[in-house]
Number of protein chains: 2
Amino acid sequence: MPNSKYTAIYESLRHRIETGEYRYEELLPSENMLVGEFGCARGTIRRALNELGLQGYVQSIHGKGVRVLYRPTAQAQFTVGNIESYEESALRNHRVPGTHVIRFERLTADEAVHSRTGFAVGTELVYIERVRMLNELPLIFDINFFRADIAAGLTQEIASHSIYRYLEQELGVAIGSTRRVITVERCTALDQQYIDLEDYNCMAVITSSTYTADGILFEYTQSRHRPDQFLFVSQAQRKKNRR
Amino acid sequence: MPNSKYTAIYESLRHRIETGEYRYEELLPSENMLVGEFGCARGTIRRALNELGLQGYVQSIHGKGVRVLYRPTAQAQFTVGNIESYEESALRNHRVPGTHVIRFERLTADEAVHSRTGFAVGTELVYIERVRMLNELPLIFDINFFRADIAAGLTQEIASHSIYRYLEQELGVAIGSTRRVITVERCTALDQQYIDLEDYNCMAVITSSTYTADGILFEYTQSRHRPDQFLFVSQAQRKKNRR
DNA sequence: GCCGATTTGTCCGTATGTATC
DNA sequence: CGATACATACGGACAAATCGG
């Protein structure tokens with residue numbers, strides 16, 4: 001379970017919001033009330049509230065209180081703002097994940113790979129192409145580059161399940177942060193070959209660069225989605241201090 | 001200028017990173033060093049560093065230091081994670097913005113509008129359709145719903161420039177947070193009529209719900225982009241505490 | 001319009017825990 | 001093991017915004 005107090009408070013408040021105990025547009029109990037309830041310092045409450053704000057659950061209003069923004073929705077919850085493996089996303093949306101490995105090989109980064117992925121020239125990499133299925137339907141085409149030294153012992157068999165689970169649970173690799181770029185691109189011959197595209201002529205593409213907790217780039221991935229099965233959520237705050 | 005110390009420190013460190021004073025994969029000076037330099041408490045430094053992490057500039061490594069993730073890129077900087085008006089984005093990417101208003105009318109939210117936008121039934125709204133141009137090319141089709149009481153005095157003339165500037169600078173509306181959902185949708189007859197689509201048969205769509213600083217929903221917008229002119233960036237952290 | 005109570009925002013100093021080297 | 005660096009938490013102080021009387 002959460003090993004920090006502020007995370008526990010965050011989870012607790014989030015649960016209350018999701019179950020409707022605190023309702024849409026209502027104000028939460030004041031920070032001082034929460035300090036009393038949870039028996040902690042105000043800074044700890046504020047940290048939990050800040051996290052709720054970043055995830056779009058609440059918004060603080062200076063001098064007034066903290067308002068609930070969250071509304072329950074029928075739509076599958078595809079919360080983003082944190083990092084999830086394909087397997088985790090599929091299961092959370094109650095779909096059955098499946099993977100078919102198309103290519104699996106080792107290569108050394110040359111100038112072309114460097115400028116595309118950011119890996120230094122000469123870096124040893126594992127290159128993988130996979131078709132991802134949801135409830136048996138081929139919907140996503142994935143292209144991965146992993147640093148071979150960090151993803152040591154990676155096999156085609158592992159790639160047909162969850163690489164992230166292998167990295168985190170078997171190798172103990174700690175994952176830090178990801179930068180994602182979302183674009184829409186014309187579909188390629190590979191897309192058409194492996195994905196049931198109907199008459200779409202483009203794909204929704206998530207290009208992500210992932211760093212270990214040590215701040216080292218270890219993965220570059222292109223995830224190409226059939227347009228109608230793609231949804232991405234993002235939460236943002238307006239900067240103040242503009243005049 | 002920034003009216004808080006941690007924002008000033010954030011700006012200062014960000015500038016150093018962007019200009020290459022702190023380089024990619026380097027470690028920043030330790031928090032205690034920065035405390036000395038900026039003459040503040042450690043918590044203030046940590047708050048600035050936290051912000052840099054959220055924006056993808058750095059990543060903290062427990063027991064070791066804070067590593068720079070940012071790499072200068074030739075690509076136009078399309079940072080997201082904060083809220084920008086169309087005009088602001090265009091100018092930051094050195095393009096000339098232009099707007100053509102197609103429809104401008106008032107309406108009252110009925111059940112259909114409610115389930116689409118989230119505005120309560122009976123809410124008075126302003127409905128706008130606009131074609132957005134970049135360097136004279138029609139590339140984006142925007143559909144807006146604004147709460148009429150908050151966007152008071154909004155005219156077609158204002159809509160042909162920047163509605164946000166009017167709201168913020170003329171009316172003093174404070175904008176809080178936005179929830180954005182990105183999807184790819186088949187193009188509609190309106191898209192085809194107003195946007196030069198070449199042979200694309202879909203559009204990149206950003207659907208956003210924006211709240212005032214008071215936490216009141218006041219805008220619901222669909223921004224439909226021609227696929228090749230669309231790019232969206234998002235930064236995420238891996239949650240810890242999983243076992 | 002002013003005042004006072006409440007509430008969030010910023011900042012400080014300190015203490016302790018934990019990971020890295 | 002010790003020194004260094006980041007992570008969490010506490011408590012206190014004051015500023016700034018909101019709201020009711």
query: Do the ring planes of A:Phe218 and A:Tyr164 sit parallel (below 30°), tilted (30 to 60°) or perpendicular (above 60°)?
result: tilted
message: Checking contacts here: which listed nucleotide (D:dA9, C:dC21, C:dT8) is nearest the side-chain heavy atoms of A:Ser4?
response: D:dA9
- prompt: Which nucleotide in the set C:dG9, C:dC11, C:dC21 lies at the smallest distance from any side-chain heavy atom of B:Lys64?
  reply: C:dC21
task: Look through every strand shown and name the nucleotide pairing with C:dT16 as Watson-Crick or G-U wobble, where both distances are under 3.5 Å.
output: D:dA7
Whole-Å gap separating P (C:dC12) and CZ (B:Arg46): 15 Å
query: To the nearest Å, how far apart are B:Leu27 CG and D:dC6 P?
result: 8 Å
task: Quickly, which of B:Val126, B:Leu154, B:Thr221, B:Leu125 forms a side-chain contact (heavy atoms from CB on, under 4.5 Å) with B:Asn144? Name it, please.
output: B:Thr221
statement: note: B:Asp214, atom CG; C:dT7, atom C1'; distance rounded to Å ~ 14 Å
- prompt: Looking at the side chain of B:Tyr6, which of C:dC11, D:dA7, D:dG11 is the nearest nucleotide?
  reply: C:dC11
field: Length of the CZ-C1' vector between B:Phe38 and C:dT10, whole Å
entry: 17 Å
task: Could you tell me the separation between the CD1 atom of A:Ile45 and the C1' atom of D:dG11, rounded to a whole number of Å?
output: 14 Å
message: Just by distance, no angles: are the side chains of A:Glu21 and A:Thr19 close enough, under 3.5 Å, to form a donor-acceptor pair?
response: no
task: State the CZ-CD1 distance between B:Arg130 and B:Ile143, to the nearest 0.5 angstrom.
output: 11.5 Å
- prompt: How long is the span from the OG1 atom in A:Thr44 to the OH atom in A:Tyr6, to the nearest 0.5 Å?
  reply: 10.5 Å
- line: Closest to the 5' end of DNA chain D, once A:Cys40 and B:Leu49 are matched to their nearest nucleotides, is B:Leu49
- line: Here the distance between atom C1' of D:dC6 and atom CG of B:Leu28, to the nearest Å, is 13 Å
- request: Identify whether any heavy atom of A:Gly43 sits under 4.0 Å from a base atom; if not, whether one sits that close to sugar-phosphate; answer base, sugar-phosphate or nothing.
  value: nothing
message: Measuring to OP1 and OP2 of D:dT4, would you say a side-chain N or O of B:Ser30 lies under 4.0 angstrom away?
response: no
query: Does the D:dA7 base have a donor-acceptor partner in the side chain of B:Arg42 within less than 3.5 Å?
result: yes
Closest to side chain of A:Asn32, choosing from D:dT8, C:dT8, D:dA7: C:dT8
query: How long is the line joining NZ of A:Lys5 and P of C:dT18, in whole Å?
result: 14 Å
Presence of B:Arg47 side-chain N/O under 4.0 Å of C:dT10 phosphate oxygens OP1/OP2: yes
- prompt: What about A:His62, does its side chain sit under 3.5 Å from the base of D:dA16 through a donor-acceptor pair?
  reply: yes
- request: For B:Tyr10 and C:dT10, give me the distance from atom OH to atom P, rounded to whole Å.
  value: 15 Å
message: Between A:Glu26 and A:Arg16, does any NZ, NE, NH1 or NH2 come within less than 4.0 Å of an OD or OE carboxylate oxygen?
response: no
query: Taking for each residue the nucleotide of DNA chain D bearing the nearest heavy atom, is the 5' side occupied by B:Gly63 or by A:Ile61?
result: B:Gly63
query: Hey, is the side chain of A:Thr44 poking within less than 4.0 Å of OP1 or OP2 on D:dT8, counting only N and O atoms?
result: no
